[in-house]
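Sharing a structure with you now.
Everything numeric here is computed off the predicted structure, so don't read it as measured data.
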Number of protein chains: 2
Amino acid sequence: MTTTGQRRSPRRTEALSRERIVGASVELLDAAGEGGLTFRALSERLATGPGAIYHHVANKDELLGAAVEAVVIEAVGAPGAQGTPEDAIRAVATGLFDAADAHPWLAPQLAGRIARSQWGTVVPRLFESLGRQIRALGAPEGAWFTATSALLHYILGAAGQNATNTEKAHALGPDTDRAEFLDAVSTAWERLDPDDYPFTRAVADQMRGHDDREQFLAGVDLMLAGIASLPPSGGTAT
Amino acid sequence: MTTTGQRRSPRRTEALSRERIVGASVELLDAAGEGGLTFRALSERLATGPGAIYHHVANKDELLGAAVEAVVIEAVGAPGAQGTPEDAIRAVATGLFDAADAHPWLAPQLAGRIARSQWGTVVPRLFESLGRQIRALGAPEGAWFTATSALLHYILGAAGQNATNTEKAHALGPDTDRAEFLDAVSTAWERLDPDDYPFTRAVADQMRGHDDREQFLAGVDLMLAGIASLPPSGGTAT
DNA sequence: ACCTGAACACCGTTCAAGT
DNA sequence: ACCTGAACACCGTTCAAGT
């Protein structure tokens with residue numbers, strides 16, 4: 001009957017909750033990569049035993065999925081995008097691009113989950129927000145599904161690749177920046193066998209000195225151009 | 001080089017080799033999924049101890065990478081494609097599509113490896129064979145890299161998704177075929193909240209009764225249309 | 001109801017010892 | 001050089017026991 005709330009207050013500093021567990025998981029993943037997320041490391045960080053976590057989360061796969069969702073939802077947020085459909089699509093794309101860059105474990109995780117159709121709530125969300133804009137763009141109805149999933153696959157794939165470039169550049173040493181790393185990659189490409197890899201060699205120089213974000217958005221625009229070029233209706237004849 | 005040679009024949013049924021190990025790994029992955037590949041299960045199948053494998057393979061990650069490569073190389077094979085560049089691209093695409101369908105672990109593995117830039121020898125190979133055709137298509141040089149990686153990301157993403165559909169359909173029971181499974185998915189989509197998911201609901205009906213391979217190739221054609229619509233040169237202005 | 005933490009059934013990997 | 005297989009240092013997960 002003392003103090004403010006007179007319900008027996010928890011003695012522990014903070015009660016365990018799914019939210020707190022997911023938050024700590026994201027921190028662990030950011031700090032130590034995918035291998036860093038362990039029920040033991042997690043329970044130590046939360047000052048409990050490993051078994052306690054199972055009261056809030058079914059298993060590790062669900063926990064990883066929840067971490068993915070938390071990060072993606074924070075990144076793309078509310079649909080409140082203004083401007084043209086193209087702008088709205090670019091906003092979703094850059095949101096994922098930046099999130100993948102900030103959380104290097106994100107893109108491989110998300111790509112793997114999509115490939116396994118473990119969609120959770122986040123894939124339908126992304127699909128929906130991209131698809132609405134494709135519809136607004138006036139794409140023929142028969143192409144909606146194809147165009148939306150092509151766009152989503154590209155965004156995730158390219159965002160992930162960029163994130164890994166960042167990571168590998170850092171791994172080469174704190175002084176090494178992206179440009180230096182990309183230069184190393186394109187030099188390696190230029191050393192490929194001219195008979196087996198003529199195209200890759202020809203393209204190697206394009207990697208050098210190109211802004212990744214710009215390259216990424218050029219890819220998005222390429223897809224938009226493809227969509228815009230579709231005949232106005234009934235593409236999927238049978 | 002078979003038994004004919006009279007060099008002291010090994011007493012064991014067959015000497016261990018990287019090739020045999022990779023072959024057994026693919027069998028294990030096909031039979032029991034990604035979790036089925038274990039150094040213990042593998043060594044049992046090969047009638048050795050787990051330690052023996054390390055004489056031919058550095059670690060599990062390399063082993064998985066080798067399994068991916070073996071399957072992909074068998075699928076897309078030699079570049080000897082004839083016909084138009086479009087046909088050659090479709091040949092690579094359907095090769096990967098079928099391989100992903102036959103080996104459900106392939107697409108998630110490959111997607112994850114690309115996202116982590118663990119390219120091995122197979123990603124450059126795919127990149128090269130797709131890129132050559134994009135060049136042959138007359139795409140502007142500034143778009144080669146972007147167009148090729150967009151195409152590769154789409155192919156892997158969509159092929160993986162299809163493979164999972166096959167798997168999940170089988171999991172529902174041997175009698176359940178794809179059409180039945182896709183029907184269940186689109187019914188679920190139609191039950192989504194009309195306020196939050198208007199687009200996904202609108203698209204749900206398209207899933208029903210559509211041939212997956214056809215849908216997949218429609219996506220490839222969409223990308224080709226985007227590439228064809230590019231201005232003839234110097235797209236990447238700065 | 002929630003938490004504890006020892007215990008279980010596995011892993012990948014190593015390494016002395018064999019041939 | 002190649003193989004053996006016990007041993008090591010981990011995992012995710014469970015579960016009796018506590019509060």
Would you say dC3(D) has OP1 or OP2 under 4.0 Å from some side-chain N or O of His56(B)?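 The answer is yes; a side-chain N or O of His56(B) sits under 4.0 Å from OP1 or OP2.
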5' to 3', nucleotides 5-15 of chain C under a 4.0 Å protein heavy-atom cut-off (B base, S sugar-phosphate only, - none) gives B-B---BBBB-
Counting Watson-Crick and G-U wobble pairs with both distances under 3.5 Å, what is the dot-bracket string for DNA chain C, 5' to 3', using [ ] for crossing pairs and | for pairs to another strand? ||.|||||...|||||.||
Verify whether one side chain among Thr146(A) and Gln215(B) offers a donor that lies under 3.5 Å from an acceptor in the other.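 Per modelled atom types, Thr146(A) and Gln215(B) side chains form a pair under 3.5 Å.
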Tell me if the aromatic rings of Phe97(B) and Phe216(B) count as close, with their centers under 6.0 Å from one another.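 Yes - the distance between ring centres of Phe97(B) and Phe216(B) falls below the 6.0 Å cut-off.
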Atom pair CG (Leu156(A)) and CG (Leu106(A)), whose distance is rounded to the nearest 0.5 Å: 8.5 Å
Report the residues that fulfil side-chain hydrogen bond (donor to acceptor under 3.5 Å, both in side chains) with Thr94(A), sequence neighbours left out, ordered by chain and then residue number.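 Testing Thr94(A) for side-chain hydrogen bond (donor to acceptor under 3.5 Å, both in side chains), a comparison that skips the adjacent residues, returns none.
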Report yes if the side chains of His56(A) and Arg20(A) come closer than 4.5 Å at any heavy-atom pair, otherwise no. no
Let's see if you get this right: which residues in residues 105-117 of chain A place a heavy atom under 4.0 Å from DNA chain D?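 Heavy-atom contacts with DNA chain D come from no residue of residues 105-117 of chain A; none.
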Roughly how far, to the nearest 0.5 Å, is OG of Ser25(A) from CG of Asp30(A)?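 It is 10.5 Å, given to the nearest 0.5 Å.
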Got a donor-acceptor contact below 3.5 angstrom from the Glu69(A) side chain to the Val122(A) backbone?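 Yes, because the side chain of Glu69(A) sits within donor-acceptor range (under 3.5 Å) of the backbone of Val122(A).
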Tell me which pairs pass salt bridge (Lys or Arg N to Asp or Glu O under 4.0 Å) where either residue lies in residues 106-123 of chain A, with sequence neighbours left out. Asp61(A)-Arg113(A)
Which pairs of donor and acceptor atoms, one on a side chain in residues 36-43 of chain B, lie under 3.5 Å apart (sequence neighbours left out)?
| from | atom 1 | to | atom 2 | distance (Å) |
| --- | --- | --- | --- | --- |
| Ser43(B) | OG | Phe39(B) | O | 2.9 |
| Ser43(B) | OG | Arg40(B) | O | 3.0 |

Quick check on the 6.0 Å ring-centre criterion: do Phe127(A) and Trp189(B) meet it?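 Yes, they do, as the ring centres are separated by less than 6.0 Å.
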